[in-house]
Amino acid sequence: MSSAFPKGFLWGASTSAYQAEGAALEDGKKPSQQDIINQDSYKQFGFATAEIASDQYHHYKEDVALMKEMGFTAYRFSIAWSRVFPDGVGEVNPKGIQYYRDLIDELIASGIEPIVTLYHYDLPWTLVQKYGGWLDRQVVADFENYARYVITEFKDKVRYWTTVNEQSIIVQYWTQKCYIPEELQEQHQLRYQINHHMNLAHAVACKLVHELVPGGLVGSALGYAPVYPLTSHAEDCMAAQNAQALRNDYYTDIYFKGEYNKAAMRYLEDHGLAPVIQEGDMELIREGTSDFLALNYYASECAKWCPEGEGREIRYSGVNRSGKKGDISGFETHPGFYEMCKNPNLDTTDWDWAIDPVGMEYMLRDLYNRYGKPLMITENGLGAYDTLTEDGKIHDGYRIDYLRGHIQAVKRAIDKGVEMIAYCPWSAIDLLSTSNGMKKRYGLIYVDRTDDAPKDCARIRKDSFYWYQKAIASNGADLA
Ligand code: BG6
């Protein structure tokens, strides 16, 4: 077994636009649905808004310099649609597109390969007001217009493109990731309808990259958690297979087989949840082939059998808002199919996410065996409370342990034949969590702000920064 990663393996980290950039209404940008959703979570839970976030818009040169110092050869970030097209369609915002030109040029000048995500939860608010956003098919045409513009603009500078971030997570947590009016929130079929529109948008973007970018490579960035059975009872194993079908294969079969997973679709049809598919949709999906799959892996999941019966109804994933272990508000349940549950064999983060480096290897090997496409990690990381000590340091040994275990798992997968392109943990800098504000930090670089006070967002290298620097310099051989 070799000790290092293959030559040319990309090392970096990730962020997304609304979680990092700030400048939510600056230089011509108009709100995205995340600006609105996060104003609401500020009111409800006191979590920071996206208005300033980590202020990367004003700190991007400093951030890229720090990434270069760490030795990054890749940076995965997203473009904010409403910065480029403030109204979703129509006039381009010259200052908005200029920001991404400057960022991408800065990265390239620093020897860092940009990995661009076209869409990371932040639909222009105008499109939500106009027709309900992802609820309406019109969004696919508007996305195509936006994607065509951005891909054409950067076709000679960006080789790696990811399309829609985490469709699977959008289905689970749809009111956090999309603006859904209250009166529609019980219409669960709409979760799968939104996802169908995203499948079309994904296919359109794949076609555009292949048409416009010389040597361009494209794939989805999927939130993926392999599912283990709670016990070796046959019913629990079957439940885990069902959960795997509806939570994972339902997405990957679209990307690589151009079809909906049959067991999952049959379940959705039987419960009135299946999306409406129009003539020509599946052809478009089949034409939009993916070159790779980008994976956002944080945790594995666990499932058990759930009989149908009185008092049992369909429920979607709960969330832990408090950051106290065990405070999760419930588990996804599909009576007669499966019920998700806590895995008693794994420790969790303070927000109840199971910590499972082996799950990384399990996932990579399984996906590569089934689809035979190269894989990249575009997210993986530990959400934790960090303390800035009096001498201005962040001793995040817990994050180092987490990352070490997961990098070792990627390496084991490579040694067993899996083709891997990149490892980009979450996140390059501290940023606004999608569900827990600024307290839950992921960054290798500390951003000095709190939920209440944006302060100056000063950047401070954490212990994990120096550790990752060594890991990259040794191409993954030195993880001590
Ligand atoms: C992924 C998202 O779901 O997980 C990121 O792509 C997100 O946007 C990350 O920040 C961690 O989740 P959270 O809720 O802890 O921010």
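Any value given below was found using the heavy atoms of this structure, including those in side chains, with hydrogens, waters and symmetry copies removed. For the single chain, residues carry numbers from 1 onward in sequence order. We count ligands from 1, going down the list as the structure has it; atoms in each ligand are counted the same way.
- Between Lys29 and Asp122, none of the side-chain N atoms (NZ, or NE/NH1/NH2) sits under 4.0 Å from a carboxylate O, so this pair counts as no salt bridge.
- Not counting sequence neighbours, the partners of Glu153 by the side chain to side chain contact (heavy atoms under 4.5 Å, CB included) test are Ile97, Arg101, Tyr149.
- Take Thr349 and apply the side-chain hydrogen bond (donor to acceptor under 3.5 Å, both in side chains) test, not counting sequence neighbours, and it matches no residue.
- Using the six-membered ring where Trp is involved, Trp11 and Tyr423 have ring planes that are perpendicular, over 60° apart on the 30 and 60° scheme.
- Near ligand 1, residues Gln19, His120, Tyr121, Asn165, Glu166, Asn296, Tyr298, Trp353, Glu379, Trp426, Ser433, Thr434, Ser435, Lys440, Tyr442 each place a heavy atom inside the 4.0 Å sphere around the ligand atoms.
- For the residue pair Ser168/Arg247, the side-chain donor-acceptor check at 3.5 Å is not satisfied.
- Applying the salt bridge (Lys or Arg N to Asp or Glu O under 4.0 Å) rule to Arg404 yields the partners Asp401; only residues at least two apart in sequence or on another chain are considered.
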